[in-house]
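Have a look at the structure below, then the notes.
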There are 2 protein chains.
Amino acid sequence: MSASKRDELVQKALQAFYRGGFHAIGMDRLAKETGVSKTAIYKHFRTKEELILATLRLRDEQFRNWLMRRVEALAPAPRDQLIAIFDALAEWFEEPEFKSCMFIKASSEYQDRAHPIHATAAEHKRLLLADFTERAKKAGAKEPEALAGELLIVKEGAIVLAHLHDSNQVAQMARRTAESLINASFDG
Amino acid sequence: MSASKRDELVQKALQAFYRGGFHAIGMDRLAKETGVSKTAIYKHFRTKEELILATLRLRDEQFRNWLMRRVEALAPAPRDQLIAIFDALAEWFEEPEFKSCMFIKASSEYQDRAHPIHATAAEHKRLLLADFTERAKKAGAKEPEALAGELLIVKEGAIVLAHLHDSNQVAQMARRTAESLINASFDG
DNA sequence: TGTAACATTTACCGATCGGTTAATGTGATC
DNA sequence: GATCACATTAACCGATCGGTAAATGTTACA
């Protein structure tokens, strides 16, 4: 199997897991949906868990890349970028395929902190927090670490609620919440 | 099976699903963990889905009851109660059994909005929002609906992150975020 | 054209899935 | 003590679980 074919497999597995859930999607169905036979899959991934970890690594890279690029395209100034995070989020919520966050779902299904899948989800959030912190510092926030933590909480809450309630309304509410927190972090 | 025995079954099933996940816990294992035979379970619940729904109804009632009582015990004044939500949350996070929110997990595993389990999770969050809104009104917030929506976002985000990162730190951060939002909603 | 290397398919493994059937207790009523 | 209603157990159903072995292409080079 070529490297590109392998990437394609991981990408398709990612979509299948995202849509269906990790436990709910079996390897037989995965083989059917990806068009790669089960034996061929197991040539490259020793277990289902390893395949899941590969999809999570891909998703982490894709999502953080997308968010950073989108944020920077929406606003040049660091302080505005902090708000633009929530404009990008709103765009994501409106995609028809949106079904919450892959890592929240992963941590829901693999709850043990010692489990590699759970740990990968935790790491994804840590990397987002680091990115937010960096931007808050550049923007000159009074307490950049604290502001970044607050914004991450708002982001995660918005994702959860966008998946359950009216996503448009939630996106607006999250943006307004972020604005309020950012303002508070610069004033006074 | 007596009514109390049935309640006990649902309570034990709730714990099993909460700890293990809905797809991951099979009916055989459920029978073993609850001490009620599979046949006896199916005498009272036509499908696994119905049993899950029963556990969610119980959890909804238990959680909202606990939160309201705890919040009222922690603070007499409505405005202080809005902050006390996050003190209660911090207590919850420190329980050794804490493993995120049952309804976030339910919506992670049952993603279709039309699915009864997903709908039940959405309803739980709606009821929480209604309670927050009521308190915000009593407290005299400028825009009670908006403030309640913001606080709910913070609550959900805090739960997700408390499950992934240091729960104590997240609880502190969430409380501080809530304070900032509440202050902003009364000032100006 | 023969053959070695690799990828893919088919069939299968024991275990478990959600759910059911038939047999076995068990307790109250007559 | 016989009988009837009910609760429980054990055994079983076809389907699917994660994972593997053996057979069957397919391709590249000699």
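Chain identifiers are assigned alphabetically (A, B, ...) following the order of the sequence lines, protein sequences preceding nucleic acid strands; residue numbering begins at 1 within each chain.
- Residues satisfying the ring pair (Phe, Tyr, Trp, His ring centres under 6.0 Å) criterion with A:H165, sequence neighbours excluded, are absent altogether.
- A straight line from NZ of A:K43 to C1' of C:dT9 spans 12 Å, rounded to a whole angstrom.
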Which pairs of donor and acceptor atoms, one on a side chain in residues 82-104 of chain A, lie under 3.5 Å apart (sequence neighbours left out)?
residue: A:D87; atom: OD1; partner: A:R175; partner atom: NE; Å: 2.7
residue: A:D87; atom: OD2; partner: A:R175; partner atom: NH2; Å: 3.3
residue: A:E91; atom: OE1; partner: A:R70; partner atom: NE; Å: 2.7
residue: A:E91; atom: OE2; partner: A:R70; partner atom: NH2; Å: 3.2
residue: A:E94; atom: OE2; partner: A:S167; partner atom: OG; Å: 3.1

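- Not counting sequence neighbours, A:Y18 has no partner by the ring pair (Phe, Tyr, Trp, His ring centres under 6.0 Å) test.
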What string of B, S and - do you get for nucleotides 10-22 of chain D, 5' to 3', when a contact is any protein heavy atom under 4.0 Å? B------SBBBB-

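- Here D:dC6 presents its P atom at 17 Å from CZ of B:R6, a figure rounded to the nearest Å.
- Counting only residues at least two apart or in different chains, ring-ring contact (aromatic ring centres under 6.0 Å, His included) contacts with residues 125-149 of chain A are absent.
- The side-chain hydrogen bond (donor to acceptor under 3.5 Å, both in side chains) search around A:R29 returns A:E33, not counting sequence neighbours.
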